[in-house]
Amino acid sequence: MTPADLSRTVLHAVRRAVDENALRAPVPARVRVERTRPGCSGDYACAVALQLAGPAELPALEVAQILRERVAAEPGIGRVEITGPGFLSFTLDAPSDSDLAVLDAVREQGIAYGHGGALRDEILQFHHAREVRAAVTAHAVRRLLVSQGARVRITCDEAGDPEWSRLGVTVDAHGTPPVPLPRIRPVPAGATAGELLERLGADAVRWGLLRPAGHDRAPLGDDLLVQGEANPLFRVRYAHARARALTRGAAALGFTSAADAAPPEPPARPLLDLLADHPGVLLAAARHRAPDRVARQLEAVAHAFFDFHDRCPPLPSGDEKPSAAHRSRLALAEAAGTVLAGGLSLLGISAPAYL
């Protein structure tokens, strides 16, 4: 069971409680579940009972008990506890099944992992100034929203800079809109697209413009081109390239990945958690019009990938024979590479297989 599955399960329990008249409260549009903090009980926690207590005119602990009765027997859930003032704490049945579900989803969906239909009913239009950072940000916001099912139209004050096409930017129309529209207005880059492209190239320009939050200045120095760990863009792209190299190396040794070949090792936990959280990050980035959230997620995945790779090598060394552990590690490394490629694609940045 993935976090998204658990969220839907809890939401279904709320609907059942309302339909059965056990709760008299509006059903929320979605239910948020989060991983429990270190030292706390269970795998995930949810505060929906506290959210519903006021409208239901019941103590939060009583609401939590009503929901607990309807969630505890659901497949994939081993135990449901009520903690604190009314939090629901979930321990998943056979945690490895949850991990397998994440890896299977990445394998099946490829770089579209994390895309969904949560915003399929939304038709949105944004407007921006004739400025390169605003244009690139609007383009990335459009891609994020479309990945979640929305339909999006982008307009600009004036005809776009011809150099924007080299950054993959498109504008649907230009001119002053007849009615006020939501504007995308990050801190300007202070340079034209042509100037930035000549010095940095398209991928580094897009990363440099999108990685900082919109209200922060975009650092656009030559360090974006450094081929080393100090450059987050290089580290993200190198992690992807390394994951692809592992697949090629395994093929040369005559084996392939198998997610269920061995139980996950403790060093795999941070990377597995990040992959499980990836769909939620994409949806939040789309809702908040914040592509910088995707960039930070990719940096975290790359960091966790290298930590896992160094502590649990996916390829055998020397006379060592490929084992079930190697096949399981390779599956996780390949999933990380896929998530990195998908995230970079949403930002409009290439993900080379060789670097």
Side-chain angles (χ1 to χ4, degrees), residues 2-4 32-38 43-44 98-99 102-103 105-106 109-116 140 143-144 147-148 203-204 206-214 216 218-219 223-224 226 228-244 246 264-312 314 329 331-352 355:
T2 67
R32 183 178 181 182
V33 298
E34 297 181 329
R35 291 196 177 274
T36 53
R37 297 177 181 176
D43 300 314
Y44 293 92
S98 174
D99 298 332
V102 171
L103 297 180
V106 177
Q109 298 170 31
I111 64 171
Y113 171 67
H115 295 203
R143 293 172 75 102
L144 283 167
S147 79
Q148 303 304 315
D203 285 333
R206 288 190 67 95
W207 180 270
L209 295 174
L210 295 173
R211 170 58 181 83
D216 293 330
D223 54 332
L224 288 166
V226 172
E229 290 189 6
N231 179 2
L233 173 58
F234 172 81
R235 189 171 175 82
V236 168
R237 298 172 88 200
Y238 182 59
H240 167 263
R242 181 58 188 155
R244 297 296 173 248
L246 291 172
E265 299 154 289
R269 187 78 268 150
L271 182 54
L272 281 164
D273 289 349
L274 285 166
L275 300 186
D277 292 342
H278 187 68
V281 172
L282 295 188
L283 179 57
R287 289 186 186 277
H288 294 279
R289 326 305 189 224
D292 57 288
R293 295 190 179 199
V294 179
R296 290 195 297 274
Q297 165 77 352
L298 299 183
E299 290 179 36
V301 171
H303 178 81
F305 166 82
F306 282 121
D307 184 62
F308 167 71
H309 174 280
D310 294 344
R311 298 173 67 184
C312 302
R329 294 170 186 173
L332 179 53
E334 289 176 338
T338 299
V339 166
L340 291 169
L344 286 170
S345 176
L346 284 173
L347 298 179
I349 297 171
S350 65
L355 198 61

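Fair warning: this is a prediction, and the values are worked out from it, not measured in the lab.
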Do [X] and [Y] come close enough that some side-chain heavy atom pair is under 4.5 Å?
{"X": "L346", "Y": "S147", "answer": "yes"}
{"X": "R269", "Y": "D99", "answer": "yes"}
{"X": "H240", "Y": "L355", "answer": "no"}
{"X": "L282", "Y": "V294", "answer": "yes"}

Would the distance check show the side chain of [X] and the main-chain N or O of [Y] forming a donor-acceptor pair, the cut-off being under 3.5 Å?
{"X": "R235", "Y": "A302", "value": "no"}
{"X": "R237", "Y": "I349", "value": "no"}
{"X": "R287", "Y": "A285", "value": "no"}
{"X": "Q297", "Y": "L274", "value": "yes"}
{"X": "H309", "Y": "P314", "value": "no"}
{"X": "T338", "Y": "E334", "value": "yes"}
{"X": "E229", "Y": "F234", "value": "no"}

Nearest 0.5 Å please: distance from the [atom1] atom of [X] over to the [atom2] atom of [Y].
{"X": "H115", "Y": "L283", "atom1": "NE2", "atom2": "CG", "result": "12.0 Å"}
{"X": "H303", "Y": "L298", "atom1": "NE2", "atom2": "CG", "result": "14.5 Å"}
{"X": "D307", "Y": "C312", "atom1": "CG", "atom2": "SG", "result": "8.5 Å"}
{"X": "R206", "Y": "L233", "atom1": "CZ", "atom2": "CG", "result": "12.0 Å"}

* Decide yes or no on side-chain contact (heavy atoms from CB on, under 4.5 Å) for L272 and V102, but give the supporting numbers first. => CA-CA 8 Å; L272 281 164; V102 171; 5.5 Å; no
Of the non-hydrogen atoms in [X] and [Y], which two are nearest, and what is the gap between them?
{"X": "L103", "Y": "A335", "result": "CD2-CB, 3.6 Å"}
{"X": "L332", "Y": "A268", "result": "CD2-CB, 3.6 Å"}
{"X": "Q148", "Y": "G114", "result": "NE2-O, 3.1 Å"}
{"X": "L210", "Y": "P291", "result": "CD2-CG, 3.9 Å"}
{"X": "A333", "Y": "F305", "result": "CB-CE1, 3.8 Å"}
{"X": "W207", "Y": "P232", "result": "CZ2-CB, 4.1 Å"}

* To do: Just do the salt bridge (Lys or Arg N to Asp or Glu O under 4.0 Å) check on D216 and R211 with the steps written out, would you?
  => CA-CA 10 Å; D216 293 330; R211 170 58 181 83; over 6 Å; no
